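No experiment lies behind these values; they were computed from the predicted model shown. Lettering follows sequence order; numbering is per chain, from 1.
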Amino acid sequence: MGTVNTSEFRKGLKVQLDGDPYLMIECNFVKPGKGQAMYKCKLRNLLRGTVLDRTYKSGDSIETADIEEIDAQYLYRQGDQFVFMHNENYEQYELTSDQVDDAWKYLKEGMNCSMVLFNSSPISLTPPNHVVLKVEYCEPGAKGNTASNVTKPCKVETGAEFLCPAFVEMGELIKIDTRTGEYIERVKE
Amino acid sequence: MSFDDPQHEPSGSDYLPVAAMELLRRRADLLRQVRSFFDNRGFLEVETPLLSADTVVDRHLDPFGVECGGRTFWLQTSPEFGMKRLLAAGAGAMYQVTRSFRQGECGRLHNPEFTIVEWYQPGHTMRQGMTLLGELAETILARGPAESVGYGEAFERYAGLDPHKADAAALARAVEEHSIAVPASLDPDDRDGWLDLLLVHLVEPRLGRERPTILYDYPASQAALARVRPGPPPVAERFELYVDGIELANGYQELTDPAELRRRNTRVNRQRARDGKPTLPVESRLLAAMDVGLPDATGVALGFDRLVMVALGAKSLADVTAFTWDRA
């Protein structure tokens with residue numbers, strides 16, 4: 001495992017503290033005129049999301065974290081386990097629903113996602129920014145109402161519920177922004 | 001702009017200045033004002049070498065070394081040595097606007113290359129030096145007359161302890177009580193290290209809020225090139241100007257005793273070696289000049305880039321610097 005010196009500190013650095021991976025989200029160089037140079041850092045735990053304040057003296061070093069981002073295809077769900085496959089070496093990874101978090105709402109078999117590995121084990125999953133999902137159930141559309149500001153709930157093929165405009169019909173395909181969970185548009189086959 | 005990665009690769013728009021042209025024009029106006037402040041008071045504007053065989057020996061200042069014909073020359077960390085040699089030669093009151101260089105100092109308030117305004121006034125006491133610094137701040141920033149607060153008084157007020165008396169353990173306890181993150185590598189006996197932590201977290205942010213604040217009478221252990229006034233407690237006749245919690249200038253009642261400077265240089269070099277840093281030359285032409293005689297004087301170094309930043313209400317040096325380190 002490598003180490004990184006304060007002179008290389010910057011936002012976005014991935015480091016390891018007490019065995020957990022952290023992302024440096026803030027790093028401020030402070031130095032009283034004739035005094036000790038220090039780096040005041042904020043670090044986010046990539047497993048728990050908690051944020052730590054740490055101060056380092058100029059010249060200190062920390063362990064870097066073995067973090068890798070890979071493209072992985074969603075294969076299937078087995079109970080609480082979501083199974084993915086590394087697109088390059090076909091290795092399979094099982095993620096718990098905790099690790100998958102909200103992404104389950106968008107997962108369709110064969111979908112390419114981005115997965116973060118820490119010491120070769122998956123720790124998080126990000127679906128594509130936009131996904132197209134089939135509406136399995138919703139109240140019938142209001143005829144002639146093309147206003148998109150009137151919304152209603154709809155249930156899609158993954159079992160998740162979203163809000164869509166009143167004119168959307170069962171069986172239609174809708175595009176959702178996975179970062180916000182918001183409806184974007186209707187799409188044709 | 002992002003100021004996080006000094007080593008990044010050149011890319012398409014890297015040639016552009018980072019500061020807005022309008023702020024660079026106002027920076028030029030401020031430089032003219034600073035120059036006329038000193039010109040009107042009869043200070044001589046001088047120039048001294050940026051690259052010198054001598055350098056300041058400071059525990060926390062790392063100069064850039066440049067190899068020339070088998071010898072190491074140093075880019076100045078401030079124009080102090082050259083100007084004091086002029087002082088010893090009888091130049092009288094003088095000022096200089098010049099670039100200075102400090103390795104590894106990079107951030108919102110730091111750039112490894114920056115502009116210093118430095119001046120010397122022979123015959124002045126520390127109090128007179130503080131008054132002149134306050135006048136400059138009032139003239140340029142128009143934030144009212146400066147107030148003065150003793151280093152000890154500021155620590156009593158904001159950290160609840162006496163920085164001249166408290167031992168390292170008491171300082172460490174205060175740091176813990178205020179939930180300040182402590183670098184794991186900080187030596188528990190490093191009294192100045194604990195004082196710096198308290199200064200940065202509890203004291204500095206409160207200084208210069210209403211009007212410019214001058215902090216003075218520093219711990220004797222932080223004298224650098226200032227004279228120490230015998231106690232009790234002994235204090236370094238050092239003073240610093242703060243505005244909006246940002247340190248703008250550092251001044252000394254100048255140390256004139258060459259034997260004392262040699263002792264400090266030797267002590268600092270021992271400390272640098274313990275810190276894993278290269279030692280720096282103890283002897284210098286400044287010491288040669290001091291052996292002959294340096295007049296009593298005050299000297300002040302002011303970070304011009306920070307002054308501009310504060311005067312224009314900017315958030316970062318990058319807002320008022322044409323090309324920062326990452327585009328140098």
A:Asn5-A:Ser7 side chain donor-acceptor pair, cut-off 3.5 Å: yes
A:Lys134 NZ: over 12 foreign heavy atoms closer than 6.0 Å: no
Per-residue contact mode, B:Glu247 against chain A (heavy atom under 4.5 angstrom): side chain
Leading residue by heavy atom contact count with chain A [cutoff under 4.5 Å; candidates B:Arg238, B:Arg59, B:His60]: B:His60
Side-chain ion pair, A:Glu172 and A:Arg186, N-O less than 4.0 Å: yes
Selection from B:Ala181, B:Gly276, B:Gly104 maximising heavy-atom pairs under 4.5 Å formed with chain A: B:Ala181
Neighbour count >12 (heavy atoms, 6.0 Å) for atom NZ, B:Lys277: yes
Atom group of A:Asp60 that falls short of 4.5 Å from chain B, counting heavy atoms: side chain
Which atoms of B:Asp58 approach chain A - backbone, side chain, both or neither, heavy atom under 4.5 Å: side chain
Salt-bridge criterion met for A:Lys31 and B:Glu105 (N-O under 4.0 Å): yes
Max heavy-atom pair count under 4.5 Å with chain A, selected residue of B:Leu186, B:Val182, B:Asp190, B:Leu199: B:Leu186
